Amino acid sequence: KNEVEQSPQNLTAQEGEFITINCSYSVGISALHWLQQHPGGGIVSLFMLSSGKKKHGRLIATINIQEKHSSLHITASHPRDSAVYICAVSYGKLTFGQGTILTVHP
Amino acid sequence: GAVVSQHPSWVICKSGTSVKIECRSLDFQATTMFWYRQFPKQSLMLMATSNEGSKATYEQGVEKDKFLINHASLTLSTLTVTSAHPEDSSFYICSARGLAGGDGRHNEQFFGPGTRLTVL
(Lines give C-alpha, C1' and ligand atoms only; values in the text may rest on other atoms or scores of the structure.)
Protein backbone atom coordinates (compact mmCIF):
# COMPACT_ATOMS: atom_id res chain seq x y z
CA LYS A 1 0.00 0.00 0.00
CA ASN A 2 1.37 3.42 -0.94
CA GLU A 3 2.04 5.85 1.86
CA VAL A 4 0.06 8.51 -0.01
CA GLU A 5 -3.15 7.66 -1.82
CA GLN A 6 -5.11 10.06 -3.97
CA SER A 7 -8.63 9.76 -5.32
CA PRO A 8 -9.91 9.90 -7.89
CA GLN A 9 -7.11 9.10 -10.32
CA ASN A 10 -9.00 10.74 -13.17
CA LEU A 11 -11.65 13.42 -12.93
CA THR A 12 -13.65 15.04 -15.70
CA ALA A 13 -15.85 18.05 -15.03
CA GLN A 14 -17.84 20.69 -16.83
CA GLU A 15 -16.84 24.30 -16.51
CA GLY A 16 -18.30 25.83 -13.38
CA GLU A 17 -18.52 22.62 -11.37
CA PHE A 18 -17.19 22.27 -7.82
CA ILE A 19 -14.32 19.80 -7.69
CA THR A 20 -12.87 17.81 -4.81
CA ILE A 21 -9.68 15.77 -4.84
CA ASN A 22 -8.84 13.64 -1.84
CA CYS A 23 -5.55 12.56 -0.30
CA SER A 24 -5.01 10.01 2.46
CA TYR A 25 -1.69 9.17 4.03
CA SER A 26 -0.45 6.61 6.47
CA VAL A 27 2.62 8.17 8.07
CA GLY A 28 3.23 10.94 10.57
CA ILE A 29 3.96 14.15 8.72
CA SER A 30 5.20 17.63 9.36
CA ALA A 31 3.29 19.14 6.43
CA LEU A 32 1.22 18.26 3.40
CA HIS A 33 1.62 19.89 0.01
CA TRP A 34 -0.74 20.25 -2.90
CA LEU A 35 1.03 20.69 -6.23
CA GLN A 36 -0.20 21.38 -9.76
CA GLN A 37 1.56 20.02 -12.82
CA HIS A 38 0.57 21.25 -16.26
CA PRO A 39 1.12 19.25 -19.48
CA GLY A 40 4.45 20.98 -20.08
CA GLY A 41 5.68 19.42 -16.87
CA GLY A 42 6.41 22.40 -14.65
CA ILE A 43 5.23 22.08 -11.08
CA VAL A 44 3.59 24.84 -9.06
CA SER A 45 3.17 24.60 -5.32
CA LEU A 46 -0.42 25.45 -4.46
CA PHE A 47 -0.53 24.95 -0.71
CA MET A 48 1.51 23.76 2.22
CA LEU A 49 -0.64 22.72 5.18
CA SER A 50 0.06 21.45 8.65
CA SER A 51 -3.41 22.03 10.08
CA GLY A 52 -6.81 23.50 9.31
CA LYS A 53 -7.68 25.14 6.07
CA LYS A 54 -6.16 27.49 3.51
CA LYS A 55 -7.78 29.42 0.67
CA HIS A 56 -6.25 31.04 -2.38
CA GLY A 57 -8.62 32.40 -4.96
CA ARG A 58 -10.87 29.56 -6.11
CA LEU A 59 -8.75 26.93 -4.42
CA ILE A 60 -9.32 25.64 -0.91
CA ALA A 61 -7.25 23.03 0.89
CA THR A 62 -8.14 21.34 4.14
CA ILE A 63 -6.35 18.83 6.33
CA ASN A 64 -7.46 16.61 9.20
CA ILE A 65 -4.35 15.47 11.02
CA GLN A 66 -6.17 12.95 13.22
CA GLU A 67 -7.78 11.25 10.23
CA LYS A 68 -4.65 11.63 8.06
CA HIS A 69 -6.71 13.10 5.26
CA SER A 70 -6.62 16.21 3.11
CA SER A 71 -8.87 17.59 0.39
CA LEU A 72 -8.31 20.09 -2.39
CA HIS A 73 -11.39 21.91 -3.61
CA ILE A 74 -11.76 23.99 -6.74
CA THR A 75 -14.79 26.24 -6.95
CA ALA A 76 -16.23 27.44 -10.27
CA SER A 77 -13.85 25.23 -12.24
CA HIS A 78 -12.44 26.47 -15.53
CA PRO A 79 -10.74 24.69 -18.44
CA ARG A 80 -7.44 26.32 -17.45
CA ASP A 81 -7.64 24.31 -14.21
CA SER A 82 -7.01 21.18 -16.28
CA ALA A 83 -3.79 19.69 -14.94
CA VAL A 84 -2.44 16.94 -12.73
CA TYR A 85 -2.89 17.66 -9.04
CA ILE A 86 -0.42 15.98 -6.73
CA CYS A 87 -0.56 15.51 -2.99
CA ALA A 88 2.78 15.18 -1.24
CA VAL A 89 3.54 14.64 2.43
CA SER A 90 6.64 15.84 4.19
CA TYR A 91 8.48 13.99 6.93
CA GLY A 92 12.04 14.97 6.20
CA LYS A 93 11.56 14.36 2.52
CA LEU A 94 8.54 14.58 0.26
CA THR A 95 6.57 11.49 -0.65
CA PHE A 96 4.19 11.96 -3.54
CA GLY A 97 0.80 10.58 -4.38
CA GLN A 98 0.21 9.24 -7.85
CA GLY A 99 -1.64 12.37 -8.93
CA THR A 100 -5.16 13.16 -10.08
CA ILE A 101 -5.67 14.04 -13.73
CA LEU A 102 -8.30 16.77 -13.92
CA THR A 103 -9.94 17.72 -17.19
CA VAL A 104 -12.43 20.57 -17.23
CA HIS A 105 -14.51 20.90 -20.38
CA PRO A 106 -15.98 24.22 -21.52
CA GLY B 1 6.26 32.47 -4.17
CA ALA B 2 10.00 32.05 -4.54
CA VAL B 3 11.41 31.36 -8.00
CA VAL B 4 13.50 28.39 -9.02
CA SER B 5 14.84 28.09 -12.54
CA GLN B 6 16.29 25.16 -14.44
CA HIS B 7 18.50 25.15 -17.48
CA PRO B 8 18.17 23.80 -20.04
CA SER B 9 14.44 23.22 -20.28
CA TRP B 10 15.04 20.40 -22.72
CA VAL B 11 18.06 18.61 -24.09
CA ILE B 12 18.69 15.89 -26.63
CA CYS B 13 21.98 14.07 -26.53
CA LYS B 14 23.70 11.02 -27.95
CA SER B 15 24.18 7.90 -25.92
CA GLY B 16 27.46 7.95 -24.00
CA THR B 17 27.68 11.70 -23.59
CA SER B 18 27.28 13.66 -20.36
CA VAL B 19 24.61 16.24 -19.71
CA LYS B 20 24.61 18.93 -17.03
CA ILE B 21 21.38 20.40 -15.67
CA GLU B 22 21.43 23.55 -13.55
CA CYS B 23 18.99 24.47 -10.82
CA ARG B 24 19.03 28.02 -9.49
CA SER B 25 17.10 29.72 -6.72
CA LEU B 26 16.64 33.23 -8.05
CA ASP B 27 15.41 35.21 -5.09
CA PHE B 28 16.35 33.23 -2.01
CA GLN B 29 19.16 31.17 -0.56
CA ALA B 30 18.51 27.46 -0.86
CA THR B 31 20.16 25.55 1.95
CA THR B 32 18.78 22.31 0.56
CA MET B 33 18.04 21.28 -3.00
CA PHE B 34 16.30 18.13 -4.16
CA TRP B 35 16.52 16.35 -7.48
CA TYR B 36 13.58 14.32 -8.76
CA ARG B 37 12.98 12.20 -11.81
CA GLN B 38 9.60 11.61 -13.38
CA PHE B 39 8.85 8.99 -16.01
CA PRO B 40 5.75 9.35 -18.21
CA LYS B 41 2.48 8.92 -16.33
CA GLN B 42 4.33 8.30 -13.07
CA SER B 43 4.82 10.38 -9.98
CA LEU B 44 8.00 12.16 -9.00
CA MET B 45 10.74 10.05 -7.50
CA LEU B 46 13.35 11.60 -5.27
CA MET B 47 16.86 10.92 -6.56
CA ALA B 48 18.99 12.81 -4.10
CA THR B 49 19.12 15.57 -1.53
CA SER B 50 21.94 18.06 -1.49
CA ASN B 51 22.91 20.54 1.16
CA GLU B 52 25.12 23.45 0.26
CA GLY B 53 28.77 22.65 0.77
CA SER B 54 28.35 18.96 1.53
CA LYS B 55 27.98 15.71 -0.37
CA ALA B 56 24.58 14.77 -1.71
CA THR B 57 22.54 12.00 -0.13
CA TYR B 58 21.30 9.59 -2.75
CA GLU B 59 18.15 7.49 -2.55
CA GLN B 60 18.41 3.74 -2.74
CA GLY B 61 18.91 2.54 -6.29
CA VAL B 62 20.30 5.83 -7.60
CA GLU B 63 23.92 5.53 -8.76
CA LYS B 64 25.91 8.40 -7.34
CA ASP B 65 28.70 7.94 -9.89
CA LYS B 66 26.21 8.25 -12.73
CA PHE B 67 24.21 11.15 -11.38
CA LEU B 68 26.73 13.66 -10.09
CA ILE B 69 25.30 16.40 -7.92
CA ASN B 70 27.11 19.55 -6.94
CA HIS B 71 25.67 22.19 -4.62
CA ALA B 72 28.54 24.63 -4.45
CA SER B 73 26.57 27.74 -3.56
CA LEU B 74 23.33 28.68 -1.85
CA THR B 75 21.73 29.49 -5.18
CA LEU B 76 23.01 26.80 -7.53
CA SER B 77 22.92 23.03 -7.72
CA THR B 78 23.87 20.98 -10.75
CA LEU B 79 22.98 17.46 -11.80
CA THR B 80 25.28 15.80 -14.33
CA VAL B 81 24.06 12.65 -16.02
CA THR B 82 27.26 10.87 -17.02
CA SER B 83 27.51 8.41 -19.92
CA ALA B 84 23.84 8.86 -20.65
CA HIS B 85 21.80 5.96 -22.02
CA PRO B 86 18.35 5.94 -23.57
CA GLU B 87 16.87 4.62 -20.31
CA ASP B 88 18.00 7.86 -18.64
CA SER B 89 15.54 9.75 -20.81
CA SER B 90 13.16 11.35 -18.35
CA PHE B 91 11.87 14.59 -16.90
CA TYR B 92 14.23 15.89 -14.22
CA ILE B 93 12.90 18.36 -11.68
CA CYS B 94 14.70 20.19 -8.92
CA SER B 95 13.26 21.86 -5.88
CA ALA B 96 14.82 24.18 -3.38
CA ARG B 97 14.18 24.81 0.27
CA GLY B 98 15.61 27.63 2.23
CA LEU B 99 15.00 30.85 4.03
CA ALA B 100 12.32 32.20 1.71
CA GLY B 101 11.62 35.47 3.41
CA GLY B 102 10.33 36.00 6.91
CA ASP B 103 6.85 34.65 6.42
CA GLY B 104 7.38 31.25 7.99
CA ARG B 105 7.68 29.46 4.65
CA HIS B 106 11.20 28.26 5.27
CA ASN B 107 10.10 24.63 5.21
CA GLU B 108 8.36 24.95 1.87
CA GLN B 109 9.87 23.51 -1.27
CA PHE B 110 9.81 25.55 -4.46
CA PHE B 111 9.96 23.61 -7.68
CA GLY B 112 11.80 24.34 -10.87
CA PRO B 113 10.08 24.02 -14.25
CA GLY B 114 11.89 20.79 -15.08
CA THR B 115 14.29 19.59 -17.76
CA ARG B 116 13.26 17.03 -20.33
CA LEU B 117 16.20 14.81 -21.28
CA THR B 118 16.09 12.63 -24.36
CA VAL B 119 19.01 10.30 -25.00
CA LEU B 120 19.23 8.93 -28.51
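Only a predicted model underlies this, so the values are computations on that prediction, with no experimental measurement involved. Side chains included, hydrogens not; waters and symmetry mates left out as well; all remaining heavy atoms used. In what follows, chains are A, B, ... by sequence order, proteins preceding strands, each numbered from 1.
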Worked check of side chain to side chain contact (heavy atoms under 4.5 Å, CB included) between B/Leu46 and A/Thr95: CA-CA 8 Å; B/Leu46 179 64; A/Thr95 299; over 6 Å; no
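Every side-chain hydrogen bond (donor to acceptor under 3.5 Å, both in side chains) that A/Gln36 has, sequence neighbours left out, goes to A/His38, A/Tyr85. Residues satisfying the ring-ring contact (aromatic ring centres under 6.0 Å, His included) criterion with A/Phe96, sequence neighbours excluded, are B/Tyr36.
Hydrophobic clustering places B/Val11 together with B/Val81 (ILVMFWY residues linked when any side-chain heavy atoms are closer than 4.5 Å, directly or through intermediates). By the rule that hydrophobic residues join a cluster once side-chain heavy atoms approach within less than 4.5 Å of another member, A/Val4 and A/Leu102 end up as members of one cluster. Under a hydrophobic clustering in which Ile, Leu, Val, Met, Phe, Trp and Tyr are joined whenever their side-chain heavy atoms come within less than 4.5 Å, directly or via other members, A/Trp34 and A/Leu11 fall into the same cluster. Linking Ile, Leu, Val, Met, Phe, Trp and Tyr residues whenever their side-chain heavy atoms come within less than 4.5 Å leaves B/Leu117 and B/Leu120 in two separate clusters. One hydrophobic cluster holds both A/Tyr91 and A/Leu32 under the rule that ILVMFWY side chains link at heavy-atom gaps under 4.5 Å.
Here the closest non-hydrogen pair linking A/Gln37 and B/Gln38 is NE2-OE1, 2.8 Å. What you find for B/Ser43 and A/Gly97 is that their closest heavy atoms are OG-O, 2.7 Å.
Residue B/Met33 belongs to no hydrophobic cluster, having no ILVMFWY side-chain heavy atom closer than 4.5 Å to its own.
Using a distance-only test at 3.5 Å, with no hydrogens or angles considered, no donor-acceptor pair links the side chain of A/Ser45 to the main chain of B/Phe110.
There is no contact between B/Gln42 and chain A, counting heavy-atom distances below 4.5 Å. The part of A/Ile86 that comes within reach of chain B is its side chain, from C-beta onward, which places non-hydrogen atoms under 4.5 angstrom from that chain. In this structure, the portion of B/Ile93 lying under 4.5 Å from any heavy atom of chain A is its side chain and not its backbone. Contact annotation for A/Leu35: only side-chain heavy atoms (C-beta onward) come within less than 4.5 Å of a heavy atom of chain B.
Note that OG of B/Ser95 is 6.5 Å distant from CG of A/Leu94, once rounded to the nearest 0.5 Å. The distance from the NZ atom of B/Lys41 to the CD1 atom of A/Ile101 is 6.0 Å, given to the nearest 0.5 Å.
Atom CD of A/Glu67 has 12 or fewer heavy atoms from other residues, nucleotides or ligands within 6.0 Å. Heavy-atom neighbours of B/His85 NE2 from other residues, nucleotides or ligands within 6.0 Å: above the threshold of 12.
Contact annotation for residues 47-73 of chain B against chain A (heavy-atom separation below 4.5 Å, listed by residue number): B/Glu59.
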